[in-house]
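Naming convention: chains lettered A, B, ... in sequence-line order (proteins, then strands); numbering from 1 in each chain. In what follows, every heavy atom counts, from backbone to side chain, and hydrogens, waters and symmetry copies are set aside.
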Number of protein chains: 2
Amino acid sequence: MVNGEGAFPSLALALLGLVRDGARHGYAMYREWNEPNGLGAVWRIKQSRWYALLARLEASGYLTSTVQPQGGRPPRKVFRLTPAGRDAYLQWVRSPVEHGRQFRLEFLAKLHFARQEGPGVVADLIDRQRAVCRGWLEEQQAHMAEASPEQPFLYLVHRYRAGQVAAMLDWLDACAGMPDRYAASV
Amino acid sequence: MVNGEGAFPSLALALLGLVRDGARHGYAMYREWNEPNGLGAVWRIKQSRWYALLARLEASGYLTSTVQPQGGRPPRKVFRLTPAGRDAYLQWVRSPVEHGRQFRLEFLAKLHFARQEGPGVVADLIDRQRAVCRGWLEEQQAHMAEASPEQPFLYLVHRYRAGQVAAMLDWLDACAGMPDRYAASV
DNA sequence: AGAATCATGTAAGGGGTTACATGATTCG
DNA sequence: CGAATCATGTAACCCCTTACATGATTCT
């Protein structure tokens, strides 16, 4: 715990996806993130925080930067992945989320970048996440069985969660069944 | 904005529910919260934060406290609702949540206390929340229709959200269809 | 005798949001 | 000529989590 260490909010690793195929400066990454079909609709980040996250990723050794001066304008800070950054990114984009509350933002982010890695990566990710979700569902169903008689409120809580997880599984099935070049039809 | 003002994290109003029918000291409220059929399973609060929340609710004028000394032990701080606190609590417990992300914790908390207010309050709350959820569903479906052709990722995002909302609606229907004295059967 | 319970808190630190700062350039 | 864009950030504040503090009492 000397410097620049400390557990990372895993969602921040998503930003690495923007430089997976080449160097870009912070502002350009920010614009790409907020493009109509980008992740901005899922996870909104303010500019000030954006730059702070990039700085942290650099401090953690996942990004390096070089400064490009340009007449008049503030100089661009161009980022690229370090080998450690590439490892962390690939590990991140291929692994399912471990808690239901991460699905809403983080799994969607993973899926977004997995699509850019190719159909194989997408299929793998969805399969692994399905397995995790099936585990959640079983847990909740077990809790429902336990809570049923004397604890009606607890029963409702677990039934709610089970329903949410079941909807995730349906959606994952739909994603898996959808051709990757989905654009033309439907 | 003189003192003790500032918008409240609405979930904190749930704590007021513990003194809705009489005065209690902080530790007793904490134990009740964490009873097997209590809210502790839904929203876990550490002791240190618990006392901080109570202090804030008092500073905001929703609670008043009187100190009860007792031999040897630290004195109990007994809280009761102020009129403003009762208003805020009743308003809170009767109104649906406005964002999907509040459902998981806050709506369940509202439901928990609504059950203690009686079946009429429960039925009202569920009805109002159903209306709100139907609105969310329509929104997401509209987004799906818009995003469909050129933005496959956005389409998936909105389809995911629609699925989650649909599951909420199913669950609300199940809650409404469930007799309030559900304990004995099933 | 040691552990859990009773009954309060304080202190430090991490993470995020909001607001503010800068200063040239291109667009309408 | 004013507004939006380009391209970076810093500062202050709030919320929450984790860790630590206290000191008698009842349970095992």
Measure centre to centre between the rings of Tyr62(B) and Tyr89(B), then say whether the value is under 6.0 Å.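 No, ring centres 6.0 Å or more apart.
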Nearest heavy atom decides the nucleotide; on that basis, is Val78(B) or Arg73(A) closer to the 5' end of DNA chain C?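 Its nearest nucleotide being more 5', the pick is Val78(B).
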Over how many whole Å does the gap from [X] atom [atom1] to [N] atom [atom2] extend?
{"X": "Asn34(A)", "N": "dT5(D)", "atom1": "CG", "atom2": "P", "answer": "12 Å"}
{"X": "Arg56(B)", "N": "dG9(C)", "atom1": "CZ", "atom2": "P", "answer": "16 Å"}
{"X": "Gln70(B)", "N": "dA24(D)", "atom1": "CD", "atom2": "P", "answer": "14 Å"}
{"X": "His25(B)", "N": "dC6(C)", "atom1": "NE2", "atom2": "C1'", "answer": "9 Å"}
{"X": "Glu58(B)", "N": "dT8(C)", "atom1": "CD", "atom2": "P", "answer": "12 Å"}
{"X": "Glu32(B)", "N": "dC6(C)", "atom1": "CD", "atom2": "C1'", "answer": "17 Å"}
{"X": "Ile45(A)", "N": "dA7(D)", "atom1": "CD1", "atom2": "P", "answer": "19 Å"}
{"X": "Leu105(B)", "N": "dC16(D)", "atom1": "CG", "atom2": "P", "answer": "11 Å"}

For [X], which contact category applies under a 4.0 Å heavy-atom criterion: base, sugar-phosphate, or nothing?
{"X": "Arg31(A)", "value": "sugar-phosphate"}
{"X": "Arg49(A)", "value": "base"}
{"X": "Gln47(B)", "value": "base"}

Taking for each residue the nucleotide of DNA chain D bearing the nearest heavy atom, is the 5' side occupied by Arg76(A) or by Ala52(A)?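 Looking at the nearest nucleotide for each, Arg76(A) comes out on the 5' side.
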Could you check if a side-chain atom of Trp92(A) sits within less than 4.5 angstrom of a side-chain atom of Lys110(A), using non-hydrogen atoms only?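 A side-chain contact under 4.5 Å exists here.
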With a 4.5 Å cut-off on side-chain heavy atoms, are Met168(A) and Trp136(A) touching?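 Sidechains of Met168(A) and Trp136(A): in contact.
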For dT18(C), does the base pair up with any side-chain atom of Ser48(A) as donor and acceptor (N or O, under 3.5 Å, distance only)?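 Such a pair exists between side chain and base.
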If you check the [X] side chain, which of [options] turns out closest?
{"X": "Lys77(B)", "options": "dC15(D), dT8(C), dT18(C)", "value": "dT8(C)"}
{"X": "Pro9(B)", "options": "dG23(C), dT8(D), dC15(D)", "value": "dC15(D)"}
{"X": "Tyr27(B)", "options": "dC15(D), dT5(C), dA7(D)", "value": "dT5(C)"}

N/O (side chain, Tyr51(A)) to phosphate O (OP1/OP2, dT8(D)) under 4.0 Å: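 True: Tyr51(A) side-chain N/O within range (under 4.0 Å) of dT8(D) OP1/OP2.
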Lys46(B) side chain near dC16(D) phosphate (N/O to OP1/OP2, under 4.0 Å):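 False: Lys46(B) side-chain N/O out of range (4.0 Å or more) of dC16(D) OP1/OP2.
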As an exercise, state the distance from CH2 of Trp43(A) to CD of Glu106(A), rounded to the nearest 0.5 Å.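 Answer for the CH2-CD pair, Trp43(A) versus Glu106(A), is 8.5 Å.
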Heavy-atom donor-acceptor pair, Arg86(A) side chain to Arg20(A) backbone, under 3.5 Å: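 Looks like yes, one N/O pair under 3.5 Å.
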